[in-house]
Amino acid sequence: MRGTLTVGNWKMNGGLADNATRFAALARGFRAVPGRALAVCVPFPYLAQARDALAGSAVGYGAQDVSRHASGAFTGEVSAAMLAEFGVRYAIVGHSERRQYHGERDDEVGAKARGALAAGITPIVCVGETLAERDAGSTGAVVGRQLGAVIEVLGVSVDRIVLAYEPVWAIGTGRTASPEQAQEVHARLRSQLAAAGAKDVPVLYGGSVKAANAAALYAMPDVDGGLVGGASLDANELLAIAGS
Ligand code: 13P
């Protein structure tokens, strides 16, 4: 039994006043039960607010990206060591929006995951196919390549990551993968992880997860939780998903 992990990805949303309300609702509303975990990944400037507002609660927090470099002349980048100073537990790496809009490549995703681990931060590695790739029947090849690149960089340390399967066609579209579609890809990813000695890595599903569909997704044997975008901006909705 791997338990479930629900992670909210606020993306580029939030503001000090709204965040305060949201953090307070999560800290108050989340009951820590063994095998059930909740975290939110917020924009960099709000990490200190998350640290203070979630202190003493069972809700973890994380960043949405991390530099692959340790330090130096990389204007605008934020290192894993800096995130660690703010008590960050997770850093999302390889989100499809970073791959699509910022040209992030598979090898960079691996390097970011390695940097996060070295700083004691758990990388949440995202993989997923576009609609065109799914229609072409290449879902397995695409996610296999994306995960394979990370395994190549991390080696045996891959057992310390969290993996998220996020089909690009299901992100922000309201069009969720069916539980069976998710399970099929998760099982494939699980066997790839098992071959790398990491069968117990949590594999989250992301893409239009909401309270109304979370229970059916979480019931799948290889779905270990969710990476939640839009619905995570509503604290009660996120709490309901985490309780699924
Ligand atoms: P939505 O839940 O808004 O579809 O976003 C999913 C996602 O990209 C989470 O990282």
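We're numbering straight along the sequence, starting at 1. Computed from a predicted structure; not experimentally measured. Order of listing sets the numbers, starting from 1, for every ligand and every atom in it.
Close contacts between ligand 1 and G207 involve ligand atoms 4 (O), 6 (C) [criterion: under 4.0 Å to a heavy atom]. Every atom of ligand 1 with a heavy atom of N9 under 4.0 Å away is listed here by number and element: 9 (C), 10 (O). For ligand 1 and L227, the ligand atoms under 4.0 Å from any heavy atom of the residue are 9 (C), 10 (O).
Residues Q181 and Y205 have side chains that never bring a donor and an acceptor to within less than 3.5 angstrom of each other. If you check the side chains of Q64 and H95, you find no donor sitting under 3.5 Å from an acceptor. Of the N and O atoms on the side chains of N19 and Q49, at least one donor lies less than 3.5 Å from an acceptor on the other residue.
Contacts of I171 with ligand 1, taken as heavy-atom pairs under 4.0 Å, involve both backbone and side chain.
Ligand 1 has a nitrogen or oxygen under 3.5 angstrom from a nitrogen or oxygen of H95. Taking distance alone, with nitrogen or oxygen atoms compared against 3.5 Å, G229 approaches ligand 1 more closely than that limit.
Taking the six-membered ring where the residue is Trp, the centroids of W10 and F23 are separated by under 6.0 Å.
When only non-hydrogen protein atoms are considered, atom 5 (O) of ligand 1 lies nearest to K11 NZ, 3.2 Å. Looking only at protein heavy atoms, the nearest one to atom 3 (O) of ligand 1 is G230 N, 2.8 Å.
With respect to E97 and K11, a salt bridge is recorded, a charged nitrogen being found less than 4.0 Å from a carboxylate O. Under 4.0 Å is where a charged nitrogen must lie from a carboxylate oxygen, and between R99 and E104 no such pair does.
Checked against Y218 for a side-chain hydrogen bond (donor to acceptor under 3.5 Å, both in side chains), the options T4, T6, N213 give a single hit: T6.
Residue contacts with ligand 1: A170 is included, with a non-hydrogen atom under 4.0 Å away. The shortest heavy-atom distance from S208 to ligand 1 is under 4.0 Å.
The closest non-hydrogen atom to atom 9 (C) of ligand 1, taken over E97, E166, Q64, comes from E166. Distances from atom 4 (O) of ligand 1 to the heavy atoms of G172, S232, P167 put G172 nearest.
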Check: Going through the distances and angles, do Q183 and D222 end up as a side-chain hydrogen bond (donor to acceptor under 3.5 Å, both in side chains)?
Finding: CA-CA 6 Å; Q183 170 58 27; D222 288 301; 2.8 Å; yes
